[in-house]
Amino acid sequence: DHWLEIISSQETKDLPNLVAEYPVSAAMRELTPQQQEILRLNIVFDIPTKAIAKQMGCTTRNITKQRQKALEKIYFLVTGQQKPKDL
(Lines give C-alpha, C1' and ligand atoms only; values in the text may rest on other atoms or scores of the structure.)
Protein backbone atom coordinates (compact mmCIF):
# COMPACT_ATOMS: atom_id res chain seq x y z
CA ASP A 1 0.00 0.00 0.00
CA HIS A 2 2.86 2.39 0.76
CA TRP A 3 4.30 1.96 -2.77
CA LEU A 4 0.91 2.68 -4.35
CA GLU A 5 0.61 5.82 -2.24
CA ILE A 6 4.03 7.00 -3.41
CA ILE A 7 3.17 6.31 -7.06
CA SER A 8 -0.25 7.95 -6.95
CA SER A 9 1.12 11.08 -5.29
CA GLN A 10 3.43 11.76 -8.24
CA GLU A 11 2.69 14.19 -11.04
CA THR A 12 3.24 13.23 -14.67
CA LYS A 13 6.48 15.21 -14.82
CA ASP A 14 7.78 13.06 -11.93
CA LEU A 15 7.16 9.75 -13.73
CA PRO A 16 10.85 9.23 -14.67
CA ASN A 17 11.73 9.48 -10.96
CA LEU A 18 9.65 6.38 -10.23
CA VAL A 19 11.96 4.21 -12.31
CA ALA A 20 14.91 2.97 -10.29
CA GLU A 21 17.09 2.01 -13.26
CA TYR A 22 18.85 5.13 -14.53
CA PRO A 23 18.85 4.35 -18.30
CA VAL A 24 15.08 3.83 -18.26
CA SER A 25 14.54 6.95 -16.18
CA ALA A 26 16.73 9.00 -18.54
CA ALA A 27 14.88 7.59 -21.56
CA MET A 28 11.51 8.50 -20.07
CA ARG A 29 12.65 12.10 -19.78
CA GLU A 30 12.99 12.14 -23.58
CA LEU A 31 9.29 11.42 -24.11
CA THR A 32 6.81 14.15 -24.90
CA PRO A 33 4.61 15.32 -22.02
CA GLN A 34 1.65 13.61 -23.72
CA GLN A 35 3.52 10.31 -24.00
CA GLN A 36 4.53 10.52 -20.34
CA GLU A 37 0.93 11.19 -19.35
CA ILE A 38 -0.34 8.25 -21.41
CA LEU A 39 2.16 5.89 -19.81
CA ARG A 40 1.37 7.23 -16.34
CA LEU A 41 -2.35 6.74 -16.77
CA ASN A 42 -2.17 3.41 -18.59
CA ILE A 43 0.71 1.65 -16.84
CA VAL A 44 0.80 3.19 -13.37
CA PHE A 45 -2.94 3.60 -12.86
CA ASP A 46 -4.10 0.83 -15.25
CA ILE A 47 -6.59 3.15 -16.95
CA PRO A 48 -7.86 1.64 -20.22
CA THR A 49 -6.83 3.20 -23.52
CA LYS A 50 -10.44 4.08 -24.35
CA ALA A 51 -10.84 6.05 -21.11
CA ILE A 52 -7.56 7.90 -21.70
CA ALA A 53 -8.66 8.81 -25.22
CA LYS A 54 -11.94 10.18 -23.92
CA GLN A 55 -10.14 12.17 -21.21
CA MET A 56 -7.65 13.61 -23.73
CA GLY A 57 -10.27 14.25 -26.41
CA CYS A 58 -8.76 12.05 -29.09
CA THR A 59 -9.20 8.61 -30.60
CA THR A 60 -8.29 5.31 -28.99
CA ARG A 61 -6.05 4.64 -31.97
CA ASN A 62 -4.12 7.85 -31.31
CA ILE A 63 -3.51 6.85 -27.69
CA THR A 64 -2.45 3.35 -28.74
CA LYS A 65 -0.01 4.76 -31.31
CA GLN A 66 1.44 7.30 -28.85
CA ARG A 67 1.88 4.61 -26.19
CA GLN A 68 3.60 2.32 -28.69
CA LYS A 69 5.90 5.11 -29.90
CA ALA A 70 6.79 5.95 -26.30
CA LEU A 71 7.64 2.35 -25.44
CA GLU A 72 9.67 1.95 -28.64
CA LYS A 73 11.59 5.15 -27.88
CA ILE A 74 12.39 3.95 -24.37
CA TYR A 75 13.51 0.58 -25.74
CA PHE A 76 15.76 2.24 -28.33
CA LEU A 77 17.30 4.72 -25.90
CA VAL A 78 18.03 1.99 -23.34
CA THR A 79 19.28 -0.72 -25.70
CA GLY A 80 20.42 1.23 -28.75
CA GLN A 81 18.40 -1.13 -30.92
CA GLN A 82 15.10 -0.97 -32.73
CA LYS A 83 12.40 -3.06 -31.06
CA PRO A 84 12.00 -6.43 -32.79
CA LYS A 85 8.71 -6.76 -34.67
CA ASP A 86 7.62 -9.78 -32.62
CA LEU A 87 7.77 -8.02 -29.22
Side-chain angles (χ1 to χ4, degrees):
D1 289 336
H2 180 66
W3 177 243
L4 184 58
E5 186 177 306
I6 291 170
I7 290 172
S8 62
S9 69
Q10 302 297 310
E11 295 183 31
T12 301
K13 66 181 177 60
D14 297 326
L15 185 61
N17 298 330
L18 297 175
V19 182
E21 189 176 330
Y22 177 74
V24 176
S25 179
M28 291 186 77
R29 293 179 201 286
E30 298 296 320
L31 301 177
T32 67
Q34 182 181 27
Q35 289 172 329
Q36 288 182 8
E37 177 69 356
I38 290 167
L39 292 183
R40 182 180 78 88
L41 294 173
N42 187 244
I43 295 172
V44 176
F45 292 106
D46 200 27
I47 296 175
T49 305
K50 187 175 181 178
I52 297 170
K54 184 175 181 180
Q55 178 180 332
M56 293 187 162
C58 60
T59 65
T60 302
R61 182 173 182 195
N62 182 270
I63 297 300
T64 301
K65 286 175 75 173
Q66 287 298 317
R67 181 180 184 271
Q68 185 65 31
K69 285 174 76 172
L71 294 174
E72 287 174 2
K73 186 171 188 175
I74 291 170
Y75 185 89
F76 176 76
L77 291 171
V78 170
T79 67
Q81 300 174 18
Q82 296 294 324
K83 184 175 135 298
K85 296 284 184 194
D86 59 342
L87 289 182

Side-chain touch M56/I38, heavy atoms, less than 4.5 angstrom: yes

Sort and list the pairs that fulfil side chain to side chain donor-acceptor pair (under 3.5 Å) and have at least one residue in residues 54-64, not counting sequence neighbours. none

Let me check something: any side-chain donor-acceptor pairs from residues 42-50 under 3.5 Å, sequence neighbours excluded? List them with distances.
| from | atom 1 | to | atom 2 | distance (Å) |
| --- | --- | --- | --- | --- |
| N42 | OD1 | R67 | NE | 2.5 |
| N42 | OD1 | R67 | NH2 | 3.4 |
| N42 | ND2 | I47 | O | 2.9 |

Salt bridge or not between E72 and K69? Use side-chain N to carboxylate O under 4.0 Å. no

Would you sort out whether E37 and R40 count as a side-chain contact (heavy atoms from CB on, under 4.5 Å), showing the intermediate values? CA-CA 5 Å; E37 177 69 356; R40 182 180 78 88; 3.1 Å; yes

Give me the atom names and distance for the closest heavy-atom approach of I63 to C58. CD1-SG, 3.5 Å

CD-OG1 distance between Q34 and T32, expressed to the nearest 0.5 angstrom: 5.5 Å

Pairwise distance NZ(K73) to CD(E30) - rounded to 0.5 angstrom: 6.0 Å

